[in-house]
Amino acid sequence: MDEQPRLMHSHTGVGMAGHPGLPQHMQEGTGGTDGDGRKQDIGDILQQIMTITDQSLDEAQARKHALNCHRMKPALFNVLCEIKEKTVLSIRGAQEEEPPDPQLMRLDNMLLAEGVSGPEKGGGSAAAAAAAAASGGVGADNSAEHSDYRAKLSQIRQIYHTELEKYEQACNEFTTHVMNLLREQSRTRPISPKEIERMVNIIHRKFSSIQMQLKQSTCEAVMILRSRFLDARRKRRNFNKQATEILNEYFYSHLSNPYPSEEAKEELAKKCAITVAQVSNWFGNKRIRYKKNIGKFQEEANMYAARTAVNAANASSHGSQANSPSTPNSAGGYPSPCYQSDRRIQ
DNA sequence: AAGTATGATTATGT
DNA sequence: ACATAATCATACTT
């Protein structure tokens, strides 16, 4: 309240100086007797302020009302707004537009992809499952860990949403509060609707920067969760015995060319209840480890060779055709365990 | 606890 | 796109 006269004074002062249409002599009214005149002015103002505090509230209110009802008031208000607009814009008018923050977009995309900011639980878990499959091809068997992961994710999701809502609410509350305040003040100060709008924009920007922090920390939490639960390297489970047997059977019966085709991989994956990627991993590891130390695998190789031989015998005993079920190791790349002769590896 | 086995990842080459 | 080789990180064995 007490800065009202000062503000008015300074604004009119700036306005006079800046407004082109006003007569010159008004600007230099106190120019001649500079020092003393100004002192006198300040004294007057101080006096006014003191009297304001002396006035009763009703009286002040009445004066205000009278001022507001003055017939020149709207015009003056507009002029003052215009002047203020000009000066403010000239000071910081250029930095208005805001390009969509790339980092914010990145965070948004990630949250959407992880199913945190997505529609609801159904879509969210589906997205999470897709992310899991993409990250490392975790099989469908470890459902216990997966549900644990999903539970933790939905927890994060819930926190995120409640926090976001809180921020939103706080932002709205604050915005309406500020708007009401400015509107109220616009009865006594030159505040244009445009300025209020700008203020609202500033508030929104501030709040969205806070939101970004929330998004960032949420992303972090999701990342940690993922690395804990979905990085299969951390939670490695050995394949079950049956799966290993199937894979080994294929490997040793195709020792000459242990490179299953895409279809063969798919079939093996199906039989072993693992993914095609895991089949590829297995064969990659097996080939290199076999090659590195054939002696170590000799026993295993012989065992599987014997087994397939028995199978073949059984099969041939049924049908007259004596064809082995799988291609025999003849012109291959890996030396056979029993009679290792030529090694044809790169 | 140390050592080994094993599934996954990464770097590199073709 | 796929293969290899090295490496990582865990599971399993001794």
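A note on names: the letters A, B, ... follow the listed sequences, proteins ahead of strands, and every chain is numbered from 1.
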Could you check how far [atom1] of [X] sits from [atom2] of [N], rounded to whole Å?
{"X": "A:Phe251", "N": "C:dA3", "atom1": "CZ", "atom2": "P", "value": "13 Å"}
{"X": "A:Glu245", "N": "B:dT6", "atom1": "CD", "atom2": "P", "value": "13 Å"}
{"X": "A:Ile288", "N": "C:dA6", "atom1": "CD1", "atom2": "C1'", "value": "9 Å"}
{"X": "A:Arg287", "N": "C:dA3", "atom1": "CZ", "atom2": "C1'", "value": "7 Å"}
{"X": "A:Arg236", "N": "C:dT10", "atom1": "CZ", "atom2": "P", "value": "10 Å"}
{"X": "A:Lys241", "N": "B:dA5", "atom1": "NZ", "atom2": "C1'", "value": "13 Å"}
{"X": "A:Trp282", "N": "C:dA11", "atom1": "CH2", "atom2": "P", "value": "21 Å"}
{"X": "A:Asn248", "N": "B:dA5", "atom1": "CG", "atom2": "P", "value": "14 Å"}

Quiz prompt | Main-chain N/O of A:Pro258 paired with A:Arg287 side-chain donor or acceptor, under 3.5 Å | solution = yes
Quiz prompt | Heavy-atom donor-acceptor pair, A:His65 side chain to A:Gln61 backbone, under 3.5 Å | solution = no
Practice problem: Decide, yes or no, whether a salt bridge links A:Lys286 with A:Glu300 under the criterion of side-chain N to carboxylate O below 4.0 Å. | Solution: yes
Self-check item: Closest to side chain of A:Lys265, choosing from C:dA3, C:dC12, B:dA8
Solution: C:dA3
Practice problem: Kindly point out which of C:dC2, C:dT4, C:dA11 is positioned nearest to the side chain of A:Glu262? | Solution: C:dC2
Exercise. Select from A:Pro260 and A:Arg289 the residue whose nearest nucleotide in DNA chain C is closer to the 5' end of that strand.
Key: A:Pro260
Quiz item: Taking for each residue the nucleotide of DNA chain C with the nearest heavy atom, is it A:Asn285 or A:Asn238 whose nucleotide lies nearer the 5' end?
Solution: A:Asn285
With a 4.0 Å cutoff (strictly under), does any side-chain N or O of [X] reach OP1 or OP2 of [N]?
{"X": "A:Asn281", "N": "B:dA8", "answer": "yes"}
{"X": "A:Lys292", "N": "C:dT4", "answer": "no"}
{"X": "A:Lys286", "N": "B:dT6", "answer": "no"}
{"X": "A:Arg237", "N": "C:dT10", "answer": "no"}
{"X": "A:Lys296", "N": "B:dA5", "answer": "yes"}

Quiz item: Under 4.5 Å between any side-chain heavy atoms of A:Phe207 and A:Thr175, yes or no?
Solution: no
Quiz item: If you take all heavy atoms of A:Ala264 and A:Tyr250, which pair is closest and at what distance?
Solution: CB-OH, 3.7 Å
